[in-house]
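Here is the structure we will look at.
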Protein chains: 2
Amino acid sequence: MSADETPDQSVPDEVHEELMAATYRALCAHGYADLTMQRIADEAGKSKSLLHYHYGTKQELLVAFLGYLFDRFEARVAATEGDAPETRLRVLLDKMVPGADDDRDYDRFGLALNELRTQAPYVEAYREQIARNEAVIRRRLADIIREGVEKGDFREVDADRTASLLFAALDGARLQRVAVTDPSGTETASQSAFDAPTEVRAALDEFVVENLVREGGDE
Amino acid sequence: MSADETPDQSVPDEVHEELMAATYRALCAHGYADLTMQRIADEAGKSKSLLHYHYGTKQELLVAFLGYLFDRFEARVAATEGDAPETRLRVLLDKMVPGADDDRDYDRFGLALNELRTQAPYVEAYREQIARNEAVIRRRLADIIREGVEKGDFREVDADRTASLLFAALDGARLQRVAVTDPSGTETASQSAFDAPTEVRAALDEFVVENLVREGGDE
DNA sequence: AGTGGCTGACTGACTAGTCAGTTAGTGAGT
DNA sequence: ACTCACTAACTGACTAGTCAGTCAGCCACT
């Protein structure tokens, strides 16, 4: 089935799921820089050797993990198919920058994922996997915008370019929140009471979404 | 106990400059994850012990380095003072996302700096320094926009919010370019011939800057 | 009785940080 | 001018610790 990215070794689905979930938890708990095979093993309640047994190297395990994440994201996004472009756009944007109401440790995870991503330029296997994932997401954004333009809901804009802006801005916003936010909960520095993702979402709505949507005929 | 908490004062200017430059080069060459005291020392042609002698720990050395970077950026930005808001805005944006024509290893450095930044949530000393730096940059953006609004060059927008969007978008763009770009020069994956920063700059010009600049009466 | 899933003990490579000691320079007393 | 005392800059060798990856063998099946 979806045990696609691990070519030779057929990891039993049940074990695979368990180890991927353990990797997720370990990333949330320790971040990528302090992620060790031992910590993942501890999180799974299994031995470190088992990880090597199933995935070979740490790098291969993490590539498998990226594939696992991608599958999950795709599944979530596919659920919105069929809705109106504007709705789908807003939902997708919300999905990419979870508000404070969302999953508590999503922040910690997004943080760790960003760490992992910064390693992409140095690790070809990461780079491939990540580039593939992001290209698909960006394409989805562009498709939604294109659909909106065709249906007449949106102004005639360059869909790819607009998608790039949205993607980049949200990405940057997430990065900023994450960089300034202390995961232990304490508020830091002088510039508090300022939430980058919220600000950016508001600005995007003002400049892009509102600007995109044609006057008249909604709701 | 010789190594004190105040590196900038205790380290002789000449040596400080040399070691900071060596740190810069070491970051370009190896990235943050593979940055070791030995590599910095090698780059400086000095011993590893010297780094510890002057800065105490690796963390303190890197905090000093962030301060060094910040000073340099401030100096560069201050040079544009006095120009028209629109010009200053465009120049500053260009400065934040260097085109392909710019410094060759700026890409590699920006990459390493992103790595370092992702460690901010885990290292309070980094977080403080980085938050301080970014707050000042964002404030500069906002000031320029505010000035533009006051002079009547720009539409009446929320300066802080707009600055946040610009900052976040450019940040995300830089991150994306960097994540997909292979530092060794080889083109990767299918999605080539697409430069995120360029796309985003274009989109920002379309949605924000053009939108910002007054062209006679509208609204 | 043999195979796949799994483990504990181990290794080799590597790293931040320490420490005793060297070198070069400065200034004071004679 | 020549020691002597002191100090800052600097180094090589070392410690203590971490980590990915290996390997011989255990256990539960069939």
Side-chain angles (χ1 to χ4, degrees), chain A residues 3 6-23 26-27 29-66 112 115-116 119 122-126, chain B residues 1-23 26-27 29-66 112 115-116 119 122-126:
Chain A
T6 49
D8 41 0
Q9 303 277 1
S10 56
V11 183
D13 278 359
E14 193 178 287
V15 183
H16 182 68
E17 179 63 33
E18 195 184 351
L19 294 180
M20 293 297 100
T23 304
L27 275 171
H30 308 287
Y32 172 77
D34 290 327
L35 182 74
T36 68
M37 294 298 265
Q38 187 61 59
R39 290 203 221 261
I40 298 173
D42 287 349
E43 207 68 50
K46 296 293 167 66
S47 76
K48 182 166 72 83
S49 310
L50 183 68
L51 304 180
H52 286 291
Y53 175 74
H54 282 308
Y55 299 97
T57 67
K58 186 184 183 184
Q59 198 181 109
E60 286 171 306
L61 186 151
L62 287 169
V63 168
F65 179 70
L66 288 174
E115 285 184 82
L116 208 168
Q119 295 307 303
Y122 307 102
V123 183
E124 195 188 327
Y126 293 174
Chain B
M1 313 277 108
S2 41
D4 246 319
E5 262 296 320
T6 52
D8 299 49
Q9 294 175 344
S10 63
V11 184
D13 278 359
E14 194 178 289
V15 181
H16 183 67
E17 179 63 34
E18 195 184 351
L19 295 180
M20 292 298 100
T23 303
L27 275 171
H30 307 287
Y32 172 77
D34 289 328
L35 183 74
T36 69
M37 293 299 262
Q38 187 60 61
R39 290 205 222 259
I40 299 173
D42 287 349
E43 207 68 50
K46 295 294 166 65
S47 77
K48 180 167 72 85
S49 308
L50 183 69
L51 303 181
H52 287 291
Y53 173 75
H54 281 308
Y55 299 96
T57 67
K58 186 184 182 184
Q59 197 182 109
E60 286 170 308
L61 185 151
L62 287 170
V63 168
F65 179 70
L66 287 174
E115 284 184 84
L116 207 169
Q119 297 306 303
Y122 306 104
V123 184
E124 195 187 327
Y126 294 173

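A, B, ... follow the sequence lines: proteins, then strands. Residue 1 opens every chain.
B/Lys46 comes within 4.0 angstrom of sugar-phosphate atoms only, judged by non-hydrogen atoms across all strands, and of no base. Looking at heavy-atom distances under 4.0 Å, B/Leu35 makes contact with sugar-phosphate atoms alone, never a base.
When side chains are defined from C-beta on, A/Met37 counts as touching A/Leu61, because their heavy atoms get closer than 4.5 Å. You'll find the side chain of B/Lys48 reaches within 4.5 Å of the side chain of B/His52, heavy atoms only. For the pair B/Tyr122/A/His30, no side-chain contact is recorded, criterion being any heavy-atom separation below 4.5 Å from C-beta on.
Put simply, the side chain of B/Thr57 and the base of C/dG17 share no donor and acceptor less than 3.5 Å apart. B/Lys58 contributes no side-chain N or O that forms a donor-acceptor pair with the base of C/dG17 under 3.5 Å.
Taking atom CE of B/Met37 as the reference point, atom C1' of D/dT18 lies 18 Å away to the nearest angstrom. Look at CD on B/Gln38: it is 17 Å from P on C/dA13, rounded to the nearest Å. A straight line from OH of B/Tyr55 to P of D/dC10 spans 10 Å, rounded to a whole angstrom. Straight-line distance from the CZ atom of B/Arg39 to the C1' atom of C/dC14: 10 Å, rounded to whole Å. Counting to the nearest Å, the C1' atom of D/dG21 and the CG atom of A/Leu61 are 13 Å from each other. Regarding B/Leu51, its CG atom lies at a distance of 11 Å from the P atom of C/dG17, rounded to whole Å. Rounded to a whole Å, the CD atom of B/Gln59 is 14 Å from the C1' atom of C/dG17. What separates NZ of B/Lys48 from P of C/dG17 is a distance of 9 Å, to the nearest Å.
Comparing D/dC10, C/dG8, C/dC6 by their nearest atom to the side chain of A/Ser49 picks out C/dG8. With distances taken from any side-chain atom of B/His52 to the nucleotides C/dT18, D/dT22, D/dT11, the minimum falls on C/dT18. If you check D/dC10, C/dC6, C/dT15 against the side chain of A/Leu50, the one that comes closest is C/dC6.
Within the 4.0 Å cut-off from OP1 or OP2 of C/dC6, not a single side-chain nitrogen or oxygen of A/Tyr53 is found.
The side chain to side chain contact (heavy atoms under 4.5 Å, CB included) with B/Leu19 is formed by just one residue from the set B/Glu43, B/Glu14, B/His54; it is B/His54.
Rounding to the nearest 0.5 Å places OH of A/Tyr55 at 7.0 Å from OG1 of A/Thr23.
The residue among B/Ser47 and A/Gly56 whose nearest nucleotide of DNA chain D is located toward the 5' end is B/Ser47.
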